[in-house]
Amino acid sequence: MNFKIEKETKEVLTASVENNGLIIVADYPLKKDSLGGVDATNVKLINSDYADPVVLPQMLTKLGDWVVKNHSNKFY
């Protein structure tokens with residue numbers, strides 16, 4: 001899986017993950033939710049012909065884990 005930061009603003013970090021042609025792009029609001037967590041919003045699938053319903057949630061989870069692990073200093 002290949003992870004990438006697509007864009008960053010003051011409010012949102014947009015990140016993507018690519019795996020075997022399928023790309024998921026998601027926005028992560030930089031303000032943590034009421035439980036102190038980070039949730040993906042505005043999730044988009046690119047090349048969804050390659051989508052596997054078992055793999056999709058795993059990819060989104062791994063993307064979220066990567067964002068939090070590597071960019072946690074940006075969330076408040």
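- A pairwise comparison of heavy atoms in Ala15 and Tyr28 identifies CB-CE1, 4.4 Å as the closest pair.
- A 4.5 Å side-chain heavy-atom check between Val12 and Asn42 finds every atom pair outside the cut-off.
- One finds the CG atom of Leu63 at 12.0 Å from the CG atom of Asn19 (value rounded to the nearest 0.5 Å).
- Here Leu13 contributes atom CG and Asp27 contributes atom CG; the two are 8.5 Å apart, rounded to the nearest 0.5 Å.
- Here the straight-line distance linking atom CG of Asn20 with atom CE of Met1 works out to 8.5 Å at 0.5 Å rounding.
- We find the OG1-NZ distance between Thr14 and Lys44 to be 8.0 Å, quoted to the nearest 0.5 Å.
- In plain terms, the two heavy atoms of Ile46 and Leu22 that are nearest each other are O-CD1, 3.5 Å.
- The shortest heavy-atom contact between Ile23 and Asn47 is CD1-ND2, 4.4 Å.
- Inter-residue side-chain proximity for Val17 and Lys62 is flagged as unmet; no heavy-atom pair is nearer than 4.5 Å.
- A side-chain hydrogen bond (donor to acceptor under 3.5 Å, both in side chains) check over residues 2-11, counting only residues at least two apart or in different chains, returns the pairs Asn2-Glu18, Glu6-Ser16, Glu8-Lys74.
- In this structure, Phe3 and Trp66 have parallel ring planes: the angle between them is below the 30° cut-off, well short of the 60° mark.
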